[in-house]
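Have a look at the structure below before the remarks.
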Amino acid sequence: MAGYQPPRGTRDLLPEEAAGFDGLLAVVEARALRYGYPRIVTPVIEDRSVFIKTTGESSDIVGKEMFDVSLGGEGDLVLRPEATPAVARAFLDAGLHKTPRPQRFFAYEPMFRGQRPQKLRFRQFWQWDLECFGAEEAAVDVEIVEFTHGFLTEVGLTGYEIRINTIGDAKCRAKVRESLTAYFTPLRERLSPASQRRVDTNVLRVLDSKEAQDRAVVEGAPKILDLLCDEDRAHFSALQDGLTTLGIPFRVVPTLVRGLDYYTRTVVEFHLTDPEFEGIAVAGGGRYDGLFATMGAEDMPGTGIAGGMDVLYYALRKENVKVAEEPKPDVYIVSAQADDVVNRMQLAAGLRAKGFTVAIDYSTRALDKQLETAVKHGAKVAVIAGTPEARGGYVIVRDLQKKEQRKTRLAAVVVEVGRHVTPKAIPTLWQPPTDPDDKEPGAAGEGPYLGDPRD
RNA sequence: GCGGCUAUGGUGUAACGGCAGCACACCGGGUUGUGGACCCGUGAGUCGCAGUUCGAAACUGCGUAGCCGCCCCA
């Protein structure tokens with residue numbers, strides 16, 4: 001065992017896993033773009049105060065899981081534990097609250113929490129995240145749930161359940177708190193120590209307690225829904241109606257509360273149902289109409305949802321969904337000639353320019369060893385140079401799976417390799433859009449207009 | 001942060017308190033230069049630091065990390 005290990009709760013993503021995360025990111029980011037949520041990137045470090053009033057001091061995230069990385073005299077810095085306050089901070093800092101509303105953002109970042117690692121719970125983990133600022137309609141709440149449901153379905157996850165609840169807006173919640181505090185205070189003695197504390201700090205979270213002794217008391221507690229004002233109830237029904245209309249299955253869980261202070265009205269969690277992952281959320285979010293006021297900005301509603309990439313990746317693996325293959329070169333260049341390194345590179349360059357993935361064996365080992373290595377690295381095709389047969393403008397293109405080969409002129413290598421493996425698209429920078437009118441029959445560059453054969 | 005369990009080559013595993021071994025993988029070589037087989041061979045380990053003991057991989061303490069539970073969440 002090596003002397004060095006990754007720090008507690010962190011891990012290395014080896015190529016296959018890294019490719020899996022990249023694949024999931026590509027899917028969710030493309031979906032976000034389709035919904036009008038462009039990506040925003042915020043720093044890994046934030047001032048601690050960004051999370052104190054927003055996420056809330058009574059939350060576990062702020063109360064005991066913040067990752068402190070302060071430098072002396074440079075403020076109180078933490079590794080960001082979650083996205084929403086950071087994105088809101090960036091939004092305000094750039095003055096985007098003075099731009100047309102609503103504003104939508106997608107984020108994908110590593111998050112950090114100083115917690116004891118557990119199944120699918122790490123100190124560094126990755127979240128994708130959606131935020132919609134400036135819209136109070138319940139339709140946006142529907143949108144983020146529908147988005148998440150669509151995404152999870154798209155990547156092939158089946159074992160999850162959508163749970164929703166409402167906890168009322170800031171005004172009504174004061175009444176809710178009052179009623180709950182009034183109910184729990186005389187029963188204090190019967191609650192667990194943690195819940196006794198919650199009666200003072202965040203009484204709503206008593207409802208969420210999993211402790212058996214608390215649940216008995218919670219059962220008799222007043223129901224949040226009964227305590228809310230009409231506007232909150234209407235908002236909640238609009239959410240439910242929207243989901244029902246879209247055919248999205250969900251369950252109303254009256255005790256679902258979520259541990260972050262900024263939530264108002266809608267709270268939602270996507271829970272895994274596989275017995276091995278029971279109780280683990282693959283995504284969660286809700287509405288936070290009071291967030292901006294809390295940050296000292298002008299009041300503005302907001303809705304967001306975030307999902308754990310790690311959780312999703314392992315849940316998919318558990319469901320036997322192949323997320324990604326370890327990236328391997330399709331083509332391996334080998335040579336029996338010791339002094340032709342430049343040749344091998346030029347050979348590779350020609351293939352790479354067409355999008356083939358090409359690795360080169362630079363060694364002078366025996367040809368059979370080079371081929372063996374090529375096979376072990378997963379190459380499908382070997383381009384063999386420098387043998388008596390393959391000289392003077394010729395190489396051999398060998399299909400390593402079919403064990404067939406053909407002597408090929410250098411000029412035709414790209415074509416010959418293309419008969420065995422498919423090149424990958426080469427990414428490019430932004431290109432000017434082509435005018436759709438140019439595609440009209442009869443336009444420049446197109447053939448003359450031909451009548452519809454059905455005419 | 002609290003509690004329980006665990007830690008032997010890269011991986012998987014053996015060894016009563018008494019010589020740390022096996023398999024696979026990896027690396028080199030060979031079968032007289034086209035591959036996964038086969039043959040030969042090399043390298044590589046008791047998580048770290050103390051302690052008990054004639055002697056510790058084994059027992060004890062502390063540390064570190066992993067897994068599980070609690071808290072809570074992605």
Side-chain angles (χ1 to χ4, degrees), chain A residues 1-11 14 55 58-66 81-84 108-129 148 160 192-195 197-198 202 205 208-212 214 256-260 267 269-272 276-277 279-285 305-315 332 334-338 361 363-390 396-405 407:
Chain A
M1 190 170 292
Y4 298 108
Q5 301 172 292
R8 163 168 282 198
T10 68
R11 67 213 192 285
L14 300 181
T55 307
S58 74
S59 71
D60 288 312
I61 289 179
V62 168
K64 56 184 194 188
E65 294 177 357
M66 293 266 263
E82 60 139 349
T84 303
Y108 173 75
E109 307 285 350
M111 304 292 166
F112 302 83
R113 291 184 199 169
Q115 59 191 343
R116 189 90 166 258
Q118 226 182 114
K119 194 188 330 186
L120 266 36
R121 308 267 302 280
F122 305 100
R123 287 188 163 183
Q124 175 176 354
F125 57 99
W126 281 264
Q127 274 189 347
W128 59 267
D129 170 74
T148 307
Y160 64 90
S192 65
S195 286
R197 238 173 294 125
R198 292 185 191 118
N202 189 346
R205 286 180 58 204
D208 204 24
S209 171
K210 275 110 199 158
E211 307 236 3
D214 291 339
L256 177 63
V257 156
R258 295 186 62 76
L260 312 186
V267 289
E269 284 183 359
F270 285 63
H271 267 85
L272 297 177
E276 194 186 323
F277 297 144
I280 296 177
V282 69
I305 193 162
M309 213 56 123
D310 315 63
V311 177
L312 177 57
Y313 179 80
Y314 295 116
Y332 229 92
V334 302
S335 173
Q337 202 178 317
D361 191 321
S363 76
T364 55
R365 297 137 75 220
L367 204 52
D368 60 338
K369 296 297 177 192
Q370 293 190 42
L371 283 165
E372 193 179 329
T373 302
V375 171
K376 284 177 181 170
H377 282 303
K380 299 187 183 72
V381 169
V383 176
I384 305 167
T387 65
E389 216 189 332
I396 293 165
V397 174
R398 180 175 177 84
D399 188 313
L400 294 169
Q401 286 162 341
K402 295 186 188 139
K403 303 193 177 191
E404 294 166 0
Q405 65 185 40
K407 184 174 167 183

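Computation of the quantities below employed the complete heavy-atom set of this structure, encompassing side-chain atoms and omitting hydrogens, waters and symmetry-equivalent molecules. Per chain, numbering begins at 1; letters A, B, ... match sequence-line order.
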Q: Keeping the roles fixed (side chain from A:Gln115, backbone from A:Phe122), state whether a donor-acceptor pair exists under 3.5 Å.
A: yes
Q: Give A:Gly279 one of three labels, base, sugar-phosphate or nothing, depending on what nucleic acid heavy atoms sit under 4.0 Å from its own.
A: base
Q: Mark yes or no for whether A:Arg398, through its side chain, and A:Ala382, through its backbone, hold a donor-acceptor pair below 3.5 Å.
A: no
Q. Are A:Arg258 and A:Glu269 close enough for a salt bridge, meaning some N to O gap below 4.0 Å?
A. yes
Write out a two-atom table: protein N or O, nucleotide N or O from nucleotides 38-43 of chain B, distance below 3.5 Å.
none

Q) For A:Asp60, which contact category applies under a 4.0 Å heavy-atom criterion: base, sugar-phosphate, or nothing? A) sugar-phosphate
Q) Does RNA chain B take part in any stems of at least 3 consecutive Watson-Crick or G-U pairs (both distances under 3.5 Å), and if so, which ones? A) B:1-7 with B:64-70, B:10-13 with B:21-24, B:27-30 with B:38-41, B:47-51 with B:59-63
Q: Look at all strands and tell whether A:Leu400 reaches a base, only sugar-phosphate, or nothing, counting heavy atoms closer than 4.0 Å.
A: base
Q. With a 4.0 Å cut-off on heavy atoms, is A:Arg258 in touch with a base, just the backbone sugar-phosphate, or nothing at all?
A. sugar-phosphate
Q: Would you indicate what A:Glu389 reaches in the nucleic acid, counting non-hydrogen atoms under 4.0 angstrom: base, sugar-phosphate, or nothing?
A: base
Q. For A:Arg121 and A:Arg113, what are the C-alpha separation, side-chain angles and deciding distance, and is it a side-chain contact (heavy atoms from CB on, under 4.5 Å)?
A. CA-CA 9 Å; A:Arg121 308 267 302 280; A:Arg113 291 184 199 169; over 6 Å; no
Q: Give the intermediate values and the outcome of side-chain contact (heavy atoms from CB on, under 4.5 Å) for residues A:Val257 and A:Val267.
A: CA-CA 7 Å; A:Val257 156; A:Val267 289; over 6 Å; no
**Q.** Any A:Gln118 side-chain N or O less than 4.0 Å from OP1/OP2 of B:rG69
**A.** yes
Q) Taking A:Gln370 for the side chain and A:Ser335 for the main chain, is one N or O donor matched with an acceptor at less than 3.5 Å? A) yes
Q) With a non-hydrogen cut-off below 4.0 angstrom, is A:Val375 in contact with a base, only sugar-phosphate, or nothing? A) base
Q. Heavy atoms under 4.0 Å, any strand shown: does A:Lys119 hit a base, just sugar-phosphate, or nothing?
A. sugar-phosphate
Q. What is the nucleic acid contact for A:Glu82, judged by heavy atoms within less than 4.0 Å: base, sugar-phosphate only, or nothing?
A. nothing
If you restrict it to nitrogen or oxygen atoms, what contacts under 3.5 Å exist between nucleotides 62-66 of chain B and the protein, and what is each distance?
| residue | atom | partner | partner atom | Å |
| --- | --- | --- | --- | --- |
| B:rA65 | O4' | A:Gln5 | OE1 | 3.4 |
| B:rG66 | OP1 | A:Gly9 | N | 2.7 |
| B:rG66 | OP2 | A:Arg8 | NE | 3.2 |

Q: Answer with base, sugar-phosphate or nothing: what part of the nucleic acid does A:Ala374 contact at a heavy-atom distance below 4.0 Å?
A: nothing
Q | Touch class at under 4.0 angstrom, heavy-atom based, for A:Leu120 against every strand present | A | base
